[in-house]
Every structure is written in structure tokens, then in C-alpha cells.
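I have placed the structure first, in the form of C-alpha cells, so that the comments after it can refer back to it.
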Amino acid sequence: MAHVTDYIRTIPDFPHEGIMFRDVTTLFADRDGLRLAIEGLVAACEGLEIDTVAGLEARGFILGGALADRLGTGFVPIRKKGKLPGKTIGQSYKLEYGEAEVELHDDALHEGQKVLLVDDLLATGGTAEAGIKLIERLGAKVVACAFVIDLEDLGGRKLLEGLGHRVEALCAYAGD
């Protein structure tokens, strides 16, 4: 039986020497791989009450839109600063070298809404944590965070679970 890891390409030394880059574009490009990922994420969320799916830019949009359709919910994009046209709220987070910021429309969610946060990959957890903070600032609640890949040695799962959030991942890689 196929597994999502069968469709994920590993590119050594990208973007820097010593990094084993886990490339999900090959997963997304294959109809069976994409279907397997979406079905796996839907199964991981079984039994959860979800009103809306929020996807982190950019690959979280691909997964999030498909999940929202499958779960019968709406979809909310969490974008890089300056990309949303309406009034927004922003949240900064640390990168390896510097800082970045993500934004959410200030009317995208409402009090008590139950949100599934989605992205392709969980590394340090900084982007996901920023997304969670935006969602919570609008009064919504993150019921789970779902990823295709968990780079387990980078600590993202530990960070998000330490904040009290359920984390689902279809596969994990060590040593990246």
C-alpha cells in the first residue's frame, strides 16, 4: 500500500549544504499522491468539530482548500504581510535569520469558531504559532494543526503541543 512518503522527493543540500529538503511538489503533482495526502488529513481530523480551515501560505492553501471542500467548511488564508487586500491583523515570528510576518483579514473569523490550521510541513513551529495567535486574536479556537510532514528534530510539534494544541502529521523525518 502506498504512503505519502513514496511521493515526497528529497533534495540534498537545498537551500543550504547539509539540509535534506523534503519537496512536496512531487506529492501534489501526482493525482494518487495528492489524494492520499488529502484523505490522510481528513482521516486525522475525524471526530473533530471544525467550522473553518485556515491555511498557511503557500502550500497550506493547496491542502487547506481541498480539506475545506472535503470537510464541508470554508477556507481562510493566512498570508505573508502585504498580500491581503482588506483590513488585516498581523503577527511577527522569528526566522533562522531575521523576522517575518503573516496576516489575516480582521473579519475572517469570529468568536467561538473552531478552526483547523493546515500547512505542508512542520519545522520549528514559528509560522504555525503565528497563525494560531492570529486565529485566537479574532476569538476563534484552533482545534488541531495538521501537516503532511513533521521534521521532528526541529521541535515544532513540541512547541505547538506545549501550547496545548493537537498536532497531526502524516509522516515524520528525523535529522533534518
Side-chain angles (χ1 to χ4, degrees), residues 15 21-25 27-29 34 37-38 40-42 44-151 154-170:
F21 187 83
R22 307 304 177 171
D23 182 14
V24 294
T25 63
L27 172 73
F28 293 165
L34 181 59
I38 298 303
L41 291 170
V42 167
C45 298
E46 191 172 327
L48 293 175
E49 283 187 50
I50 299 167
D51 300 317
T52 302
V53 175
L56 292 163
E57 189 164 334
R59 292 171 300 272
F61 296 175
I62 296 164
L63 296 164
L67 278 172
D69 178 67
R70 283 292 202 63
L71 296 171
T73 71
F75 173 77
V76 174
I78 298 175
R79 300 222 47 199
K80 293 177 183 172
K81 183 180 173 98
K83 300 291 184 180
L84 290 171
K87 189 173 176 192
T88 62
I89 59 171
Q91 182 66 47
S92 295
Y93 62 98
K94 292 191 185 313
L95 297 169
E96 187 177 355
Y97 301 105
E99 265 194 12
E101 187 172 342
V102 289
E103 294 181 326
L104 182 60
H105 277 129
D106 70 351
D107 61 355
L109 299 167
H110 60 269
E111 187 77 31
Q113 215 166 356
K114 297 176 186 85
V115 179
L116 172 66
L117 182 68
V118 178
D119 205 358
D120 66 320
L121 183 134
L122 176 60
T124 65
T127 309
E129 181 184 20
I132 290 167
K133 287 179 179 178
L134 288 173
I135 291 164
E136 290 175 343
R137 282 172 49 199
L138 293 179
K141 178 182 181 350
V142 175
V143 295
C145 303
F147 307 90
V148 173
I149 299 169
D150 176 10
L151 299 179
L154 297 181
R157 175 183 287 271
K158 185 176 179 180
L159 171 72
L160 299 181
E161 288 177 344
L163 295 171
H165 296 286
R166 176 176 170 167
V167 175
E168 298 289 343
L170 300 183

Side chain to side chain contact (heavy atoms under 4.5 Å, CB included) evaluation trace for Leu116 with Leu71: CA-CA 10 Å; Leu116 172 66; Leu71 296 171; 4.0 Å; yes
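- Within the 4.5 Å cutoff, the side chain of Leu151 has no heavy atoms near those of the Leu122 side chain.
- Pairing each heavy atom of Ile38 with each of Ala66, the nearest pair is CD1-CB, 3.5 Å.
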Side chain to side chain contact (heavy atoms under 4.5 Å, CB included) between Asp51 and Thr73, worked out: CA-CA 6 Å; Asp51 300 317; Thr73 71; 5.8 Å; no
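- In this structure, the side chains of Val102 and Leu134 come closer than 4.5 Å at one or more pairs of heavy atoms.
- Atom-to-atom distance recorded for Leu163:CG and Glu136:CD is 8.0 Å, nearest 0.5 angstrom.
- Each of Arg166, Lys114, Glu168 was evaluated against Leu48; a single residue qualifies, Arg166, per the side chain to side chain contact (heavy atoms under 4.5 Å, CB included) test.
- Interatomic distance, SG of Cys145 versus CG of Asp150, reported as 11.5 Å (0.5 Å rounding).
- With Gln113 contributing its side chain and His110 its backbone, the two residues share a donor-acceptor pair below 3.5 Å.
- Looking only at side-chain heavy atoms (C-beta outward), Ile132 and His165 come within less than 4.5 Å of each other.
- Contact annotation: the side chain of Val76 never approaches that of Val53 to less than 4.5 Å [non-hydrogen atoms, C-beta and beyond].
- Here the side chains of Leu159 and Glu129 are in contact, with some heavy-atom distance below 4.5 Å.
- Proximity of Pro85 to His105: side-chain heavy atoms (C-beta onward) are separated by under 4.5 Å at one or more points.
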Steps toward salt bridge (charged side-chain N to carboxylate O under 4.0 Å, His left out) verdict (Glu57, Arg79): CA-CA 5 Å; Glu57 189 164 334; Arg79 300 222 47 199; 2.8 Å; yes
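- Between Gly125 and Leu160, the closest heavy-atom pair is O-CD2, 4.2 Å.
- Looking at every heavy atom in both residues, Ser92 comes nearest to Ala130 through O-CB, 4.4 Å.
- A distance of 10.5 Å separates CG of Asp106 from CD of Glu103, quoted to the nearest 0.5 Å.
- Contact record, Ala54 with Val115: CB-CG1, 3.7 Å, taken as the closest heavy-atom pair.
- Taken from CG in Leu63 to CZ in Phe75, the straight-line distance is 9.5 Å, to the nearest 0.5 Å.
- Using a 4.5 Å heavy-atom cutoff, the side chains of Ile149 and Asp120 are not in contact.
- Between Ile78 and Gly131, the shortest heavy-atom distance links the atoms CD1-CA, 3.9 Å.
- By the neighbour-count criterion of 12 heavy atoms within 6.0 Å, atom CD of Glu99 is densely surrounded, having more than that number from other residues, nucleotides or ligands.
- Between Leu34 and Leu27 there is no side-chain heavy-atom pair separated by less than 4.5 Å.
- Contact detail for Leu41 and Ala146: the closest heavy-atom pair is CD2-CB, 3.9 Å.
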Candidate pair Gln91 and Arg137, rule side chain to side chain contact (heavy atoms under 4.5 Å, CB included), full reasoning: CA-CA 10 Å; Gln91 182 66 47; Arg137 282 172 49 199; 3.4 Å; yes
CA sep, side-chain torsions, deciding dist, call: Leu104, Thr88, side chain to side chain contact (heavy atoms under 4.5 Å, CB included): CA-CA 5 Å; Leu104 182 60; Thr88 62; over 6 Å; no
